[in-house]
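Below is one structure; the comments refer to it alone.
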Amino acid sequence: MDYQLRNRTALITGSTSGIGFATAELLAREGANVIVNGRTKESVAEATEALKNRVPSAAITGIVADFNDREAAAALIAEIDAVDILVNNVGVFTSQSFAETPDVDWYKLFEVNVMSGVRLSRAFLPKMLAQGWGRIIFISSECAQLVPEDLIAYSMTKAAMLSIARGLAQTTKGTSVTVNSVMPGSTLSAGAERFLKEQAVKQNKSEEAVASDFFKNVRTTSLLGRFTSTEEIAQAVVYLASPISSATNGSVLKADGGSVPGIM
Ligand SMILES: NC(=O)c1ccc[n+]([C@@H]2O[C@H](COP(=O)([O-])OP(=O)(O)OC[C@H]3O[C@@H](n4cnc5c(N)ncnc54)[C@H](OP(=O)(O)O)[C@@H]3O)[C@@H](O)[C@H]2O)c1
């Protein structure tokens with residue numbers, strides 16, 4: 001299938017590893033000009049190099065921006081004039097009890113997970129509307145709906161993204177710009193792999209056994225019963241980034257392995 005993405009410029013926040021990196025790679029394979037982002041010069045250079053090696057024909061550039069810093073989005077916007085595709089992927093989480101989550105952690109999660117996407121969308125959406133085509137994709141999470149008790153603050157940010165995406169979509173009425181969200185389930189990014197390794201040592205079990213227990217005892221609603229790969233999530237993102245998804249606007253595409261119950 002031709003995703004018709006050749007020569008379109010895509011910025012993916014938090015894309016030196018995980019879902020962001022897999023999305024950057026798949027977009028690059030489809031011929032998009034990809035802008036990779038991370039917090040340090042080193043990680044951005046490494047990811048840019050890795051992508052160039054994997055997809056030698058692609059145009060890959062990198063930009064350093066740490067969205068913990070309120071000024072980071074403004075600095076990035078000053079450097080990048082416009083993009084055709086914006087993937088608001090950057091997201092951090094901390095597993096904590098509600099009682100032990102201080103104000104500062106709520107604000108930090110909100111700043112990185114929500115305000116990065118707000119600021120970038122505020123800058124790039126008007127340009128997409130002016131040029132007559134564009135795609136904004138917010139990477140939410142199954143946690144927006146499942147709301148695990150140890151991830152209430154994180155889940156709040158992921159639910160907020162869904163509202164923002166829907167609201168922005170409504171401002172695109174009658175245009176060829178769309179704003180959608182992807183809702184990944186538990187995904188085997190580097191962070192999840194680290195967690196499995198640590199738990200395997202702690203519990204004296206294999207990583208496979210720890211993963212299987214997670215779906216037996218924790219993510220019990222999953223129909224897939226395994227972690228999704230970052231590539232599986234990237235496929236959903238690339239579909240929404242493509243002109244072929246033109247009838248989908250203001251939607252949430254679940255790539256959660258069926259963990260969020262219900263028909264919608
Ligand atoms: N993994 C899952 O199970 C899962 C499930 C549902 C939803 N999600 C969502 O999917 C998105 C990606 O998750 P992931 O698991 O793939 O992430 P990840 O593997 O932890 O990737 C982290 C990426 O984000 C960058 N990053 C971290 N903090 C940053 C900051 N303050 N400013 C700029 N970049 C930053 C890192 O870059 P540097 O290290 O180079 O700075 C790296 O590229 C997140 O929004 C997450 O909430 C993940």
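Just so it is clear, the model here is predicted, and its values are computed rather than measured.
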### Verdict with supporting geometry, D81 and K127, side-chain contact (heavy atoms from CB on, under 4.5 Å)
CA-CA 9 Å; D81 183 40; K127 294 179 180 181; 3.6 Å; yes

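- In the hydrophobic clustering of ILVMFWY residues, with side-chain heavy atoms under 4.5 Å counting as a link, I233 and V34 come out together.
- More than 12 heavy atoms of other shown residues, nucleotides or ligands fall within 6.0 angstrom of atom CG in N53.
- Grouping the Ile, Leu, Val, Met, Phe, Trp and Tyr side chains by contacts below 4.5 angstrom, directly or via other members, places I60 with I12.
- Counting only heavy atoms from C-beta outward, the side chains of W133 and I85 approach each other to under 4.5 Å.
- Donor-acceptor pairing under 3.5 Å is recorded for the side chains of D150 and S95.
- A distance of 5.0 Å separates CG of L240 from CG of N180, quoted to the nearest 0.5 Å.
- Hydrophobic clustering places I244 together with V87 (ILVMFWY residues linked when any side-chain heavy atoms are closer than 4.5 Å, directly or through intermediates).
- Looking at S222, its side chain does come within 3.5 Å of a backbone N or O of L224 through a donor-acceptor pair.
- For the atom pair CG (N7) and CG (N33), the distance works out to 5.5 Å, reported to the nearest 0.5 Å.
- In summary, E71 and R119 do not engage in a salt bridge, as defined by a charged side-chain N under 4.0 Å from a carboxylate O.
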### Message
Let's go through L162 and F138 carefully: what are the C-alpha distance in whole Å and the side-chain angles of both, what is the deciding distance for side-chain contact (heavy atoms from CB on, under 4.5 Å) to 0.1 Å, and is it a yes or a no?
### Response
CA-CA 8 Å; L162 299 180; F138 284 82; over 6 Å; no

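- Other residues, nucleotides and ligands place no more than 12 heavy atoms under 6.0 Å from the CZ atom of F195.
- Counting only N and O atoms by type, the side chains of T172 and N249 include a donor and acceptor under 3.5 Å apart.
- Under the 4.5 Å side-chain criterion, counting only non-hydrogen atoms from C-beta, L51 is in contact with F21.
- In this structure, F67 and N37 have side chains that are in contact, with non-hydrogen atoms separated by less than 4.5 Å.
- Under 3.5 Å, the side chains of T228 and T187 contain a donor-acceptor pair of N or O atoms.
- At least one side-chain heavy atom of V177 sits under 4.5 Å from a side-chain heavy atom of L125.
- Between L27 and V238, the closest side-chain pair of non-hydrogen atoms falls below 4.5 Å.
- Residue V55 is not grouped with residue V36 when hydrophobic side chains (ILVMFWY) are merged at heavy-atom distances under 4.5 angstrom, including chains of intermediate members.
- No donor-acceptor pair under 3.5 Å is formed between the side chain of S189 and the backbone N or O of G18.
- Between the CG atom of L168 and the CD1 atom of I136 there is a distance of 6.0 Å, given to the nearest 0.5 Å.
- Under a cut-off of 6.0 angstrom, the local environment of NZ in K205 is crowded, with over 12 non-hydrogen atoms contributed by other residues, nucleotides or ligands.
- Of all heavy-atom pairs spanning V92 and Y154, the tightest one is O-CD1, 3.2 Å.
- Judged by distance alone, the side chain of S212 and the main-chain N or O of E208 form no donor-acceptor pair under 3.5 Å.
- For the atom pair OG1 of T157 and CE of M161, the computed distance is 7.0 Å after rounding to the nearest 0.5 Å.
- Note on V252 and V182: separate hydrophobic clusters, where clusters join Ile, Leu, Val, Met, Phe, Trp and Tyr whose side-chain heavy atoms are under 4.5 Å apart, directly or indirectly.
- S121 approaches G117 most closely through the heavy-atom pair OG-O, 2.6 Å.
- Judged by distance alone, with hydrogens and angles left aside, the side-chain atoms of K52 form no donor-acceptor pair with the main-chain N or O of T61 at under 3.5 Å.
- Going from atom CE of M1 over to atom CD of Q4 covers 9.5 Å, rounded to the nearest 0.5 Å.
- Listed here is the closest heavy atom pair of N68 and E111: O-CG, 4.1 Å.
- Between V44 and T16, some side-chain heavy-atom pair lies under the 4.5 Å cut-off.
- Contact check for S176 versus S246: no side-chain heavy atoms found under the 4.5 Å cut-off.
- For L109 against F93, the heavy-atom pair with the smallest separation is CD2-CA, 3.9 Å.
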### Query
For Q96 and E100, what are the C-alpha separation, side-chain angles and deciding distance, and is it a side chain to side chain donor-acceptor pair (under 3.5 Å)?
CA-CA 6 Å; Q96 276 168 318; E100 284 165 3; over 6 Å; no

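- Other residues, nucleotides and ligands place no more than 12 heavy atoms under 6.0 Å from the CD atom of E46.
- Here E25 pairs with R29 in a salt bridge; the nearest charged N to carboxylate O distance falls below 4.0 Å.
- A parallel orientation is assigned to the rings of F214 and F227, their planes being inclined by less than 30° (bins at 30° and 60°).
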### Query
Going through the checks in order, is the side-chain contact (heavy atoms from CB on, under 4.5 Å) test met by L146 and V260?
CA-CA 7 Å; L146 297 177; V260 175; 4.2 Å; yes

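- In this structure, CD1 on I35 lies 8.0 Å from CG on L76, to the nearest 0.5 angstrom.
- The two residues K254 and P261 make their nearest non-hydrogen contact at NZ-O, 4.4 Å.
- The closest donor-acceptor contact from the side chain of N89 to the backbone of G14 lies under 3.5 Å.
- Looking only at side-chain heavy atoms (C-beta outward), Q145 and S259 stay at 4.5 Å or farther from each other.
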#### Entry: Intermediate values then yes/no, side-chain contact (heavy atoms from CB on, under 4.5 Å), Q235 and E231
CA-CA 6 Å; Q235 292 286 355; E231 291 76 16; 5.6 Å; no

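- Minimum interatomic distance between P243 and R135 (heavy atoms only, all atoms of both residues): CA-NH2, 3.5 Å.
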